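This is the structure, below, for whatever I ask next.
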Amino acid sequence: DAGVTQSPTHLIKTRGQQVTLRCSPKSGHDTVSWYQQALGQGPQFIFQYYEEEERQRGNFPDRFSGHQFPNYSSELNVNALLLGDSALYLCASSFEGRETQYFGPGTRLLVL
Amino acid sequence: AQSVSQHNHHVILSEAASLELGCNYSYGGTVNLFWYVQYPGQHLQLLLKYFSGDPLVKGIKGFEAEFIKSKFSFNLRKPSVQWSDTAEYFCAVNARAGTALIFGKGTTLSVSS
């Protein structure tokens with residue numbers, strides 16, 4: 001049973017560019033959440049997708065957007081990258097209404 | 001707004017020592033509580049969780065945590081740590097199953113053999 005997978009594992013971009021990160025949820029899961037983990041900090045919630053709709057959003061600017069596909073996989077898009085966007089981006093999946101979120105290995109983004 | 005505070009930033013122990021990591025949360029309603037662990041080079045894994053019932057919950061690898069509602073605390077304990085417990089530990093809370101997790105800043109545990 002495959003767990004949560006994310007791609008790419010590492011990414012280097014320059015300021016002002018745009019980036020797309022991808023996530024495939026654990027088998028049987030229909031809800032995907034995205035988190036940003038800056039160095040030395042705990043993960044911070046960006047948003048959550050369920051039934052292809054953004055259901056909940058954290059305190060992140062509109063430069064951060066996402067999408068969920070019919071197969072429940074998800075993308076995180078960040079426009080106009082800033083140096084401060086450098087972080088580990090984590091995807092977590094769960095089954096609607098169930099308690100536990102399972103995390104993927106993350107995508108490490110470096111903005112130069 | 002919910003928040004989570006982890007008191008210890010870095011804890012250094014010898015093998016066989018006892019461990020207690022503090023976690024306090026700020027939220028007025030019913031909460032669900034979690035401890036996640038991140039071993040070096042690995043992804044976040046769930047150690048244990050509390051939703052209701054017995055406030056003393058047991059997780060994997062001999063860890064346990066106690067929910068004390070009056071103190072808004074959910075401290076993690078282990079009677080005897082091993083070198084393999086070296087990792088980053090995160091306390092997290094949410095208000096409803098499956099919704100956004102609010103994490104603390106984490107505690108780095110270093111265990112020397």
Side-chain angles (χ1 to χ4, degrees), chain A residues 2-7 9-10 23-26 28-51 53-60 64 66 68 72 87-108, chain B residues 1-10 21-27 30-53 57 59-60 67 74 76 87-109:
Chain A
V4 180
T5 60
Q6 293 185 243
S7 63
T9 55
H10 295 81
C23 171
S24 291
K26 188 175 168 64
H29 286 184
D30 56 9
T31 303
V32 172
S33 302
W34 286 92
Y35 294 82
Q36 180 195 67
Q37 186 177 13
L39 203 60
Q41 302 292 318
Q44 287 193 52
F45 175 74
I46 303 174
F47 43 54
Q48 184 181 81
Y49 277 84
Y50 171 68
E51 292 189 340
E53 297 278 336
E54 182 184 289
R55 182 165 67 174
Q56 191 179 6
R57 189 178 182 94
N59 189 25
F60 278 80
F64 289 78
Q68 185 179 34
Y72 307 121
L88 179 67
Y89 288 85
L90 298 170
C91 171
S93 75
S94 58
F95 184 74
E96 164 61 6
R98 299 288 175 84
E99 310 91 5
T100 304
Q101 296 181 33
Y102 294 84
F103 284 81
T107 294
R108 189 163 296 281
Chain B
Q2 298 173 19
S3 66
V4 176
S5 175
Q6 291 185 240
H7 316 300
N8 315 100
H9 180 63
H10 193 181
L21 301 182
C23 172
N24 285 90
Y25 66 92
S26 171
Y27 185 67
T30 302
V31 294
N32 305 309
L33 296 154
F34 306 81
W35 275 97
Y36 280 86
V37 61
Q38 193 168 32
Y39 296 105
Q42 298 187 27
H43 57 274
L44 274 171
Q45 301 172 39
L46 182 68
L47 263 183
L48 47 77
K49 59 188 178 185
Y50 173 80
F51 284 76
S52 63
V57 293
I60 61 172
F67 170 51
F74 189 56
L76 181 70
E88 187 91 17
Y89 291 81
F90 294 95
C91 181
V93 60
N94 67 9
R96 190 167 53 85
T99 60
L101 288 167
I102 308 301
F103 284 85
K105 290 187 176 182
T107 297
T108 301
L109 172 64

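Not measured: the values here are computed from a predicted model. The sequence lines fix the lettering, A, B, ..., with proteins before strands; numbering per chain opens at 1.
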Next item on the list: Verify, without hydrogens or angle tests, whether A:Q101 (side chain) and B:T99 (backbone) share a donor-acceptor contact under 3.5 angstrom.
Entry: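 Confirmed, A:Q101 side chain pairs with B:T99 backbone.
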Next item on the list: Report, as yes or no, whether the 6.0 Å neighbourhood of atom CZ on B:R96 holds more than 12 heavy atoms from other residues, nucleotides or ligands.
Entry: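 Count not over threshold, so no.
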Margin query: Taking CZ in A:F47 as the centre, count heavy atoms belonging to other residues, nucleotides or ligands within less than 6.0 Å. Is the count above 12?
Written below: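 Correct, the count exceeds 12.
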Next item on the list: Check whether any side-chain heavy atom of B:L44 sits under 4.5 Å from a side-chain heavy atom of A:Y35, and report yes or no.
Entry: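 The answer is no, as the side chains (C-beta and beyond) never meet within the 4.5 Å cut-off.
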Checklist line | Whether over 12 other heavy atoms sit under 6.0 Å from B:I60 CD1 | finding: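 Atom CD1 in B:I60 is packed in, count exceeds 12.
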Notebook entry, point to check: Are more than 12 heavy atoms from other residues, nucleotides or ligands located less than 6.0 Å from atom CD of A:Q36?
Noted result: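 More than 12 within 6.0 Å, yes.
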Next item on the list: Determine whether more than 12 heavy atoms belonging to other residues, nucleotides or ligands lie under 6.0 Å from atom NE2 of B:H9.
Entry: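 Incorrect, the count does not exceed 12.
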Notebook entry, point to check: Distance from A:Y102 atom OH to B:L46 atom CG, nearest 0.5 Å?
Noted result: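 Here the interatomic distance stands at 7.0 Å.
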Next item on the list: State whether the side chain of A:Q56 and the backbone N or O of B:A100 hold a donor-acceptor pair below 3.5 Å, judged by distance alone.
Entry: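 Checking the backbone N and O of B:A100 against the side chain of A:Q56, a donor-acceptor pair under 3.5 Å is found.
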Note to self: Non-hydrogen contacts under 4.5 angstrom with chain A: give the residues of residues 31-43 of chain B involved, or none if there are none.
What the structure shows: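 B:F34, B:Y36, B:Q38, B:H43 fall under the 4.5 Å cut-off.
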Next item on the list: Check each atom of A:L90 against the heavy atoms of chain B and say whether the ones under 4.5 Å are side chain, backbone, both or neither.
Entry: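 When you check distances to chain B, only side chain atoms of A:L90 fall under 4.5 Å.
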Check: So which part of A:Q37 gets closer than 4.5 Å to some heavy atom of chain B, the side chain, the backbone, both or neither?
Finding: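 Contact with chain B: side chain only.
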Item checked: Residue selection (most heavy-atom pairs with chain B, distance under 4.5 Å) from A:G42, A:P105, A:P43, A:S94 ->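 Winner by heavy-atom pair count: A:P43.
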